[in-house]
Every structure is written in C-alpha cells, then in structure tokens.
Amino acid sequence: MAKTLASTPAADGYRMPGEFEPHRGCWMLWPVRPDNWRRGAGPAQRAFAAVAAAISRFEPVTVGASAAQYEAARALLAPAVRVVELSSDDAWMRDVGPTGVIDDHGAVRGVDWVFNAWGGHHGGLYHPWDQDDAVARKVLEVERLDRYRAPMVCEGGAIHADGEGTLLVTEQCLLNRNRNPTLGRRQIETLLRAYTGATTILWLGQGVFNDETDGHIDNLACFTAPGEVALTWTDNPRDPQHAISRDAFERLMDARDARGRRLKVHKLPMAGPLRTTRAEAAGVVTGTGAKPRPAGERLAASYVNFYIANGGVVVPLLDARTDRAALAKIRRMFPGRKVVGVPAREILLGGGNIHCITQQIPAGSPRPRLAARGRR
C-alpha cells in the first residue's frame, strides 16, 4: 500500500529525472467540461485519444475517466490504452498528477503538489478544484508508489528538470502572488530543491505570450538532454513573443547548469500567431464561472509542448505553415527517437497542449556503480 511520507525527496536521496529518462508509463485524463472544451468536448476527446494512441506505441498509457464517461472513453481510446475510473475537475494531468522522483537504486516515488487551478480565487481558471487536487494521490495509489505532499502550490508544467540537478522555471509563474503569497524567491527555491532534488534553479522571465497558466515553463522551454534546451522562438520583432523569447535566450546563454556546463539552445519556430475562431468560441458553454474563451483570443501555441516517450517524441501539429520546420528541428534534437506529429488544435483551444495533458511515471533504474579507483 502506498504511504504518505513526512520527509522530503532530497533528504531521502531522490531526484526528479529528465523526461528523456526511461518511463514506466504515461497518465492522462479524459476531457469533459463543456465550458472549456467546445461542442461537449467531443472534438477534444478525439484529439486526446489520438495522443494516447501515439504515446502507446512507445510506452503504456493509462487514462483516468469519470464513472459517467468511462464507457465513452473506453470506446474511443485504442485497445492498448488502459482506462481507470478517476474523478477530476478537468483534464490537465501534467499539472494535477504526481511528479515522479527516483533514487540511485531504481526506486520510484511521487510528489503531490498543492493545486489551486492556476491561481485560486485570484485569477484561477475554474472552481472548485478539489477533485483535481486529489488526482496525484489517486494515481500514486494505483501505481503503488509512496507519496510526498509538498507544502506549496505548484504544477507539473511549472518545472522542467535535466535529471542532473538543474531545474528550469519562470518568474511569471512561480513568483506570482496567486500561488504562494507568503513565500519569496529564496523560500520557493528551498522548497523546489527539497522536493525535486535539484541544486540549481534557472529562472527565466515570462512564459509564452497569453499563456493562461501564468507562464508555465513547459510551453516556453524544456530540456531535451542534459545541457540542451529547446526554446520557443520568433524572429518577428513586432510580435510580443519576440522580447520574451529573446530575454529567455539571453538568460540561458548566461546560465550554467548544476554540472557547470553552458547550455546549448535549440530555437523552435513559433506557430501562428493563432486565434480562436467565431465558430470555435460559439461551441463553448459560458456563464459557469470558468475562464471565457472569446473569438479572436490569441492562443499560446508552442511546439515545445511535446511529450518525450520511451524511444519517441509526440509533437503537437498546430500550423501547416510551420509544422514541417518544427518537426525537422525536433528530429535533429532527438536523433535516436521516432518523432510523431498529432493534430492538436482542439487541445490548444482548451488552454494547453500535449505536454500539458500527459504526465510520465519514471521507470527508475539503478545508476551504474563507478569502478574502484585503480582497477580496470
């Protein structure tokens, strides 16, 4: 039976691995909310099913669905995808699911962050969110993994690790007063180190323009390997994203990771700009208290929001004008993996993308022991 632990991952010798390290599997949630997903969530459900099928080519996938939606999810999802009954308020498993941590012996545990729907009563996207806040614990119970309950509001999409002691975050998100108003930068860094095992925190400024999560790092930049980062980029100086990405690039160029290395930065072209159409906006139910989705709103489209699977990378297809170039760059970043594109506009319309709707459970594998000095 999974236990809730009173210590911290760092104190117990655990670390947050890089997403490119081996996975036990991937978890997702089934979209339902008509005030977030248009046309009763039907188009989004088909998009989620396509993402699950793509990932299942590389590793096991589990999708949590409510009791009312279980049969519908089972019918649409590929036979290889496991479906479990799991209540939630929406479908952002990256942010409500557990952050996996591992030790050098191959053991796996999970971190359960406090979740407040990206801002609680001060800018949060919906309420209530109590079912979402319970998702991580339920996933860890199913996986039979011990749990750390972190004493801070955070989301999985707000942090990205290289697996070697470096964590990428943004000031816009983690220093936002709607997350942890009583904590300053130094206190947040202390908690991040304690619950991810990181020793170096690299702070970027803002996230992708108009990102409703208050600038999650996983939409702006991510580690593709130790010492290597993919960054959302545009060469258009009139686009508001240009200054954001330029600032991030300069910070990354000045940074050193936990091993003292300079970072290699891969610039990924930005899709669009893309905006919600009138037809798309008309399909969303309004007046429920959830974030409105008006026509003409700019979407925070980013190819960086991909999912790294065992032997593969599943990439959102967003814009016919830029999809091919983005896929080519990602293939060069991951020469040993098969890169698969999945149409993802329906996910984008709900406020995120492929990385946002997925959360990996690390496999955990013992680190090789160093040979004794003087022996060959």
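Hydrogens, waters and symmetry mates play no part in the numbers below; they use all other heavy atoms, side chains included.
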Arg94-Gln360 side chain donor-acceptor pair, cut-off 3.5 Å: yes

Cationic N near anionic O, under 4.0 Å, Glu212 to Arg293: yes

Presence of salt bridge, Arg185 and Glu189, under 4.0 angstrom: no

Distance-only donor-acceptor check, side chains Tyr303 and Thr322, under 3.5 Å: yes

Asp112/Arg137 salt bridge by N-O under 4.0 Å criterion: no

Between Phe334 and Phe306, ring centroids under 6.0 Å: yes

Axial cation check for Phe209 ring with Arg298, 6.0 Å and 45° limits: no

Least distance between heavy atoms, Ala301 atom then Ala271 atom: CB-CB, 4.1 Å

Min side-chain heavy-atom separation Val139-Leu86 under 4.5 Å: yes

Heavy-atom side-chain proximity of Val169 to Ile217 below 4.5 angstrom: no

Atom pair CG (Leu268) and CD1 (Ile330), whose distance is rounded to the nearest 0.5 Å: 5.0 Å

Distance flag, aromatic centroids of His216 and His355, threshold under 6.0 Å: no

Flag for Tyr126-Asp35: side-chain donor and acceptor within less than 3.5 Å: no

Short N-O contact, Arg179 and Asp214, less than 4.0 angstrom: yes

Ring centres under 6.0 angstrom apart (Phe48, Trp37): yes

Rounded distance (nearest 0.5 Å) linking atom CD1 of Ile308 with atom CD1 of Ile55: 11.5 Å

Heavy-atom side-chain proximity of Asp211 to Trp118 below 4.5 angstrom: no

Non-hydrogen side-chain atoms of Leu349 and Val284 separated by less than 4.5 Å: no

Salt bridge Asp319-Arg321, side-chain N to carboxylate O under 4.0 Å: yes

Pair Glu228 + Arg332: basic N to acidic O under 4.0 Å: no

Validation row: Trp92, Thr213 side chains within 4.5 angstrom (heavy atoms): no

Side chain proximity check, Gln206 to Glu171, heavy atoms < 4.5 angstrom: no

Over 12 foreign heavy atoms within 6.0 Å of CZ, Arg324: no

Val101 and Val111, any side-chain heavy atoms less than 4.5 Å apart: yes

Glu164 bridged to Arg15 by N-O distance under 4.0 Å: no

Row check, Phe249 ring normal vs Lys267 NZ/CZ: under 6.0 Å, within 45°: yes

Validation row: Thr8, Tyr14 side chains within 4.5 angstrom (heavy atoms): no

Any donor-acceptor N or O pair under 3.5 Å, side chains Thr234, Asp239: no

Thr277/Glu280 under side chain to side chain donor-acceptor pair (under 3.5 Å): CA gap, chis, key distance, verdict: CA-CA 5 Å; Thr277 67; Glu280 289 166 342; 3.2 Å; yes

